[in-house]
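We're numbering straight along the sequence, starting at 1.
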Amino acid sequence: MALALRDRQQESDAKLENLSFNVHKLHGDIVSIKDTVTDIKGEIEFTYEKTSKNELEIFKPKREHTEG
């Protein structure tokens with residue numbers, strides 16, 4: 001009886017250890033995804049600003065051409 005209880009306890013410990021490992025791995029994956037999203041957000045903001053500046057530069061000659 002005691003042997004069976006010990007075996008079940010060891011099995012439970014192994015399952016708990018595996019679950020803990022999986023949680024830590026998922027946490028690492030989430031941190032990595034957050035970092036990637038932050039990088040993408042920065043790239044989008046940079047691209048938006050560059051596009052806005054380029055549109056202004058394109059619009060200036062058109063406006064000067066139609067006014068002149």
Side-chain angles (χ1 to χ4, degrees):
M1 176 82 163
L3 190 59
L5 287 174
R6 189 188 70 189
D7 288 345
R8 295 292 271 163
Q9 183 62 46
Q10 287 176 343
E11 184 180 323
S12 293
D13 290 348
K15 287 180 180 180
L16 184 58
E17 185 177 337
N18 188 41
L19 183 59
S20 179
F21 173 79
N22 289 339
V23 167
H24 287 292
K25 184 180 180 321
L26 288 173
H27 181 266
D29 291 346
I30 290 170
V31 168
S32 176
I33 290 169
K34 283 182 173 182
D35 290 344
T36 300
V37 168
T38 299
D39 291 344
I40 291 170
K41 184 178 177 184
E43 291 173 11
I44 289 172
E45 289 173 359
F46 174 78
T47 302
Y48 174 77
E49 288 181 23
K50 284 293 269 185
T51 301
S52 296
K53 289 178 182 178
N54 288 338
E55 286 177 349
L56 284 173
E57 291 300 316
I58 290 169
F59 182 70
K60 278 183 193 178
K62 283 184 178 180
R63 187 176 61 196
E64 291 170 0
H65 178 66
T66 57
E67 289 176 357

Engineer: Asp13: which residues meet the side chain to side chain donor-acceptor pair (under 3.5 Å) condition with it, sequence neighbours left out?
Structural biologist: Gln9

Engineer: Quick check for you: to the nearest 0.5 Å, what is the distance between His24 atom NE2 and Leu19 atom CG?
Structural biologist: 9.5 Å

Engineer: Among residues at least two apart in sequence or on other chains, which ones pass side chain to side chain donor-acceptor pair (under 3.5 Å) with Lys34?
Structural biologist: none

Engineer: May I ask you to say whether Lys53 pairs ionically with Glu57, meaning some side-chain N is under 4.0 Å from a carboxylate O?
Structural biologist: no

Engineer: Under the 3.5 angstrom rule, does the side chain of Ser32 hit a backbone N or O of Gly28 as a donor-acceptor pair?
Structural biologist: no

Engineer: Please list, chain by chain and in numerical order, all residues satisfying side chain to side chain donor-acceptor pair (under 3.5 Å) with Asn22, sequence neighbours excluded.
Structural biologist: none

Engineer: Quick one: list whatever passes side chain to side chain contact (heavy atoms under 4.5 Å, CB included) with Thr51, sequence neighbours left out.
Structural biologist: Thr47, Glu55

Engineer: Which ILVMFWY residues can you reach from Ile30 by hopping between side chains whose heavy atoms are under 4.5 Å apart?
Structural biologist: none

Engineer: Taking only residues two or more places apart in sequence or in another chain, which ones pass salt bridge (Lys or Arg N to Asp or Glu O under 4.0 Å) with Glu17?
Structural biologist: none

